Number of protein chains: 2
Amino acid sequence: MQHNRTSIADMAKALNLSSSTVSRALNDHTTISAKTRSRVQQLARELNYHPNHLAASLRTGRSNLLGVLVPHIEGTFFASVVHGIETMATKAGFKVMICQSNEDVEHEKRNIDTLINAQVEGILVSLSRTTHDTKHFDKVHQRGIPLVFFDRMLDTRDVNAVVLDDYQGAYQVTTHLIEQGCRRIAHLAGPEHLNIYRNRRQGYLAALRTYGLAEDESLIISSDVTLADGAAGMTQLLALPPAQRPDGLFSASDFALVGALQTLKEHGLRVPQDMLLAGFSNEIFTSFTEPRLTSVDQRCEELGQETVRLFLEILAVGTATFQSRRIVLPPHLLIRESSKRG
Amino acid sequence: MQHNRTSIADMAKALNLSSSTVSRALNDHTTISAKTRSRVQQLARELNYHPNHLAASLRTGRSNLLGVLVPHIEGTFFASVVHGIETMATKAGFKVMICQSNEDVEHEKRNIDTLINAQVEGILVSLSRTTHDTKHFDKVHQRGIPLVFFDRMLDTRDVNAVVLDDYQGAYQVTTHLIEQGCRRIAHLAGPEHLNIYRNRRQGYLAALRTYGLAEDESLIISSDVTLADGAAGMTQLLALPPAQRPDGLFSASDFALVGALQTLKEHGLRVPQDMLLAGFSNEIFTSFTEPRLTSVDQRCEELGQETVRLFLEILAVGTATFQSRRIVLPPHLLIRESSKRG
DNA sequence: CTGAAAGCGCTAACAT
DNA sequence: ATGTTAGCGCTTTCAG
């Protein structure tokens with residue numbers, strides 16, 4: 001079978017016109033007569049013409065490509081953010097190239113190169129868990145490519161970012177537990193070097209201070225906050241002398257919280273009667289467990305949309321003159337049975 | 001700031017070489033002296049040179065781009081499949097462009113155009129729920145672009161596809177319920193026009209026949225198998241006269257199954273004592289509910305990897321001569337508490 | 001081993 | 001309103 005890949009030149013020849021005229025007709029230029037335009041567009045349809053964006057991009061210097069770099073797209077959070085990004089980007093005429101770092105800095109570095117080589121007009125990134133510095137993003141700056149971080153970032157000056165107010169979220173949820181009567185609230189904390197986990201921990205500590213509750217190191221357990229980590233954390237907490245046991249738990253991740261819940265049940269303890277629980281992220285399954293789990297919603301779609309919006313602003317202004325900006329979205333506390341006393 | 005975007009021509013000038021030599025040196029051609037090669041690569045590093053893939057693609061006719069079109073990437077299934085695709089594609093030197101149809105044919109059509117225009121070298125598709133015919137894929141064929149369907153497809157002749165053996169999965173799970181003592185097994189079925197749901201239904205019916213159980217239309221409820229649909233379906237089942245009520249339920253979706261479970265509990269019924277439950281997809285939350293839910297694992301990652309592998313085969317052979325193939329992966333039944341009698 | 005020259009498909013000055 | 005020409009950055013004959 002002869003593969004039918006019509007070019008502008010082909011159509012120009014067929015219609016006895018010049019390439020420029022055909023190009024203009026296809027792009028609805030005003031300076032083209034209605035008759036020529038319709039003739040061209042008619043033929044394009046007949047021949048099933050598809051423009052070669054590669055060629056157009058090379059010529060115009062505009063690829064209409066937007067690079068997105070996430071740790072992974074499994075799980076609710078990033079999948080939803082990416083969905084928000086995709087929606088907004090498409091609306092603005094951009095195609096999205098998605099790369100996953102698999103939580104590995106080396107992967108992340110390679111992905112950055114891939115995106116640069118693909119001539120993306122902007123890069124939206126959420127850092128991998130193993131990223132401790134961001135030197136590999138310098139070349140993005142050097143090339144004048146708009147760079148926007150979302151959710152996971154390092155606290156460098158002068159970066160564009162869209163983040164959830166993790167501090168506020170943690171503060172609210174901890175306050176809620178205190179108001180429900182908890183006096184010894186444990187915390188399953190995530191890796192310190194990531195802003196989101198550090199902020200959640202700070203918010204938790206701040207709420208304790210506000211209510212005059214003592215901070216207790218034995219109640220703060222750091223891990224990668226997976227389901228297994230949550231289970232292990234709870235085991236550790238239950239091993240404390242009875243007087244030191246927590247009466248409430250705030251987990252920096254819903255996954256870890258489920259692990260903790262399962263361990264509690266295995267020990268014959270009940271929620272919320274024996275311990276109040278609250279998590280973070282509002283994963284879909286927080287409504288599927290028993291009891292349903294209180295959590296903090298991260299407004300994933302909005303986060304994605306705001307990230308694209310910020311990118312578009314930078315693109316319009318130009319990286320050289322754009323004043324770096326950080327957008328902080330307020331979180332939504334969702335109270336469910338796991339944290340309601342009585 | 002002057003943006004530093006070095007080209008091959010720039011480097012050629014700097015080193016007093018021709019563009020061709022520089023190009024060859026960068027691509028490790030054998031016909032280049034070791035000295036020149038290292039000089040070039042050295043300079044490239046210093047100047048932070050990044051090749052323009054758009055230009056290379058235009059010249060070579062090879063974009064190294066692979067298009068992926070899924071209904072959405074939220075939820076475990078597609079996110080995992082895409083992850084599998086990404087891993088395998090990257091290994092083969094392809095970048096992945098992901099588009100979401102949002103379960104809308106019109107969107108799907110537009111996405112196909114976008115991918116063709118982007119000059120992708122292949123398209124991997126899982127159909128939207130609202131796709132009833134595949135005429136819009138004809139142009140993909142016409143242009144000789146390898147096309148592979150995965151999971152959701154229509155039963156047309158002569159298509160390349162990688163699917164899970166939904167029939168077998170449904171047959172196994174239904175058989176399991178029967179062996180656990182169920183005699184009246186209900187089925188929450190999905191939209192008939194999609195192969196996966198039709199096959200699950202057929203597998204269910206086949207198992208009933210094998211064991212001489214009568215098919216009962218009142219026990220088969222069709223819907224879009226969302227959580228809400230599952231709840232509604234269970235409400236409908238519980239409204240049946242006691243003698244006609246099911247003692248087991250096989251849902252074509254885990255989400256619908258959770259809806260059904262919640263409704264059962266609201267009615268004061270227990271699982272597995274009052275009804276056995278089993279679902280499909282092995283969503284992460286099937287291990288988080290109480291009881292944990294029996295489900296059929298779809299081997300998402302493998303599915304993604306196989307899809308890419310098939311694409312690579314077609315690419316190697318050429319679409320013109322490639323004999324269409326369908327790859328069917330056997331499913332894994334995961335038995336959990338929700339379907340264990342006693 | 002290296003260079004000269006052409007061209008992938010498109011668009012945008014600059015003509016007319 | 002249309003045509004002419006040049007060139008985006010790269011690769012690849014073909015010729016030395």
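Here is how names work: the chains are called A, B, and so on, in the same order as the sequence lines, proteins then strands, and each is numbered from 1. This one's a predicted model, so the numbers in the text were calculated from it and none came from an experiment.
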Donor-acceptor side-chain pairing of A/Ser80 and B/Glu74 below 3.5 angstrom
yes
Value for CG (B/Leu43) from CE (B/Met11), rounded to nearest 0.5 Å, stands at 4.0 Å
Worksheet item: Heavy atoms, side chains only, cut-off 4.5 Å: are B/Thr307 and B/Gln305 in contact?
Response: no
Its 5'-most and 3'-most nucleotides having an atom under 4.0 Å from a non-hydrogen atom of chain B, DNA chain C is contacted over C/dC1 to C/dG9
Open item on the list: Just by distance, no angles: are the side chains of A/His53 and B/Gln119 close enough, under 3.5 Å, to form a donor-acceptor pair?
Closed with: no
Query raised in the report: So what does B/Thr31 hit on the nucleic acid, given a heavy-atom distance under 4.0 Å: a base, only sugar-phosphate, or nothing?
Result: base
Residue pair B/Glu108 / B/Thr131, side-chain donor-acceptor N/O under 3.5 Å | yes
The contact string for nucleotides 3-10 of chain D, one letter per nucleotide 5' to 3', using protein heavy atoms under 4.0 Å with B, S and - for base, sugar-phosphate only and none, comes out as BB-BBBBB
Side chain to side chain, A/Thr90 and A/Glu86, heavy atoms closer than 4.5 Å: yes
Close side-chain approach of A/Ile196 to A/Asp151, heavy-atom, < 4.5 Å: yes
**Prompt:** Which part of the nucleic acid does B/Ser57 contact within heavy-atom distance under 4.0 Å: base, sugar-phosphate only, or nothing?
**Reply:** nothing
Would you please say whether a donor-acceptor pair under 3.5 Å links the side chains of B/Thr21 and B/Ser18? yes
